Amino acid sequence: MRERFGLSLLFAWAGGLAKSLAERVKKGGPNLTSNTALVAILEKAKELDVPKEILERNIKRASEKGQESYKEKIYEVYGFGGVSIVVEVSTDKVNRSVAAVREVVKDYGGKMADPGSVMFKFRRARVVNIKVTDADKDQLLNIALDAGAEDVIEPSISEDDADEDKLESYYKVVSSPENYSAILSKLREEGIAFEPDNGSELLPITTIEVDDEAMDLNKELMSSLLDLDDVDAVYTDQE
Ligand SMILES: *[C@@H]1O[C@H](CO)[C@@H](O)[C@H](O)[C@H]1NC(C)=O
Ligand SMILES: *[C@@H]1O[C@H](CO)[C@@H](O)[C@H](O)[C@H]1NC(C)=O
Ligand SMILES: *[C@@H]1O[C@H](CO)[C@@H](O)[C@H](O)[C@H]1NC(C)=O
Ligand SMILES: *[C@@H]1O[C@H](CO)[C@@H](O)[C@H](O)[C@H]1NC(C)=O
């Protein structure tokens, strides 16, 4: 059976997880009986085999210094070629993160959008990401639909795309929250490597096709946004 994912991804995930965990502890306290949101996070961590010591250390640290709290923010951005972009941020310094997002958007030629002006083009769902190189499409479809998934979205890669683009392309298995863990178990059982979401993902309701120039500019804009410390995720409706 293959390794589920590399160590670096685990730590990247644990970074995001630590933030959510700290936030839950600060909101609801460290008591697992009364703080059900914390229990949900711990279950997620267990699925990812995050070591228990790390979790305990994080709970302890968060309950000791409860003064600064992480806030989740969403920024909406117009990209190139009529594309919409949504940036998810989790930060203990809102002013710092909004300034950083604005600066990157300006530097890379995007435009900040008013709250609500692009969000309606997306919907929230649970998503499991599977590298196209890690699974056979038909096999994946069978497994996912059998375990209660809504849909399997194929990445838009063409035959002549570079191999390195293929390495970074994922199938997205879309599901309701209630069927999510059944899908993860089934994939695990079948030995298919996957990356879970961090609670949910935004999926575009319809996708927009753009020319190569706009695609390159959007790619630069989005990867620069992702490079920001406080940015957890960047979503787009670009095809
Ligand atoms: C979950 O969050 C972490 C840190 O914010 C990020 O590095 C990782 O890519 C996210 N995972 C997914 C599947 O979005
Ligand atoms: C945790 O919460 C439960 C229910 O609210 C309570 O009965 C219990 O005493 C609490 N435990 C601690 C260690 O505070
Ligand atoms: C953050 O920004 C708000 C509004 O722009 C301002 O009133 C506040 O003083 C700023 N806080 C800090 C710590 O800079
Ligand atoms: C969950 O999966 C079952 C089949 O395993 C399916 O009948 C049901 O519709 C799914 N629920 C949702 C909300 O998609």
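What you see is a predicted model, and the numbers here were worked out from it, not measured in a lab. Every heavy atom of this structure was used, including side-chain atoms; hydrogens, water molecules and symmetry mates were not. Every number for a ligand or one of its atoms is a count from 1 in the order of the listing.
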Self-check item: Electrostatic pair E201:K172 at N-O distance under 4.0 angstrom
Solution: yes
Quiz item: Does S200 have any side chain to side chain donor-acceptor pair (under 3.5 Å) partners at least two apart in sequence or in another chain, and if so, which?
Solution: R124
Exercise. With sequence neighbours excluded, give me every salt bridge (Lys or Arg N to Asp or Glu O under 4.0 Å) pair touching residues 97-106.
Key: none
Quiz item: Within a strict 4.5 Å, meaning less than it, do heavy atoms of the V128 and V174 side chains meet?
Solution: no
Exercise. Tell me the residues surrounding ligand 4, counting only those with a heavy atom closer than 4.0 angstrom, sorted by chain and number.
Key: G148, S176, E178, N179
Quiz item: Does V89 reach the side chain of V87, with side-chain heavy atoms less than 4.5 Å apart?
Solution: yes
Would you mind writing out the side-chain donor-acceptor pairs for residues 110-123 within the sub-3.5 Å range, not counting sequence neighbours?
{"from": "S117", "atom 1": "OG", "to": "D114", "atom 2": "N", "distance (Å)": "3.1"}
{"from": "S117", "atom 1": "OG", "to": "D114", "atom 2": "O", "distance (Å)": "2.4"}
{"from": "K121", "atom 1": "NZ", "to": "S84", "atom 2": "OG", "distance (Å)": "3.3"}
{"from": "R123", "atom 1": "NH2", "to": "E150", "atom 2": "OE1", "distance (Å)": "3.4"}

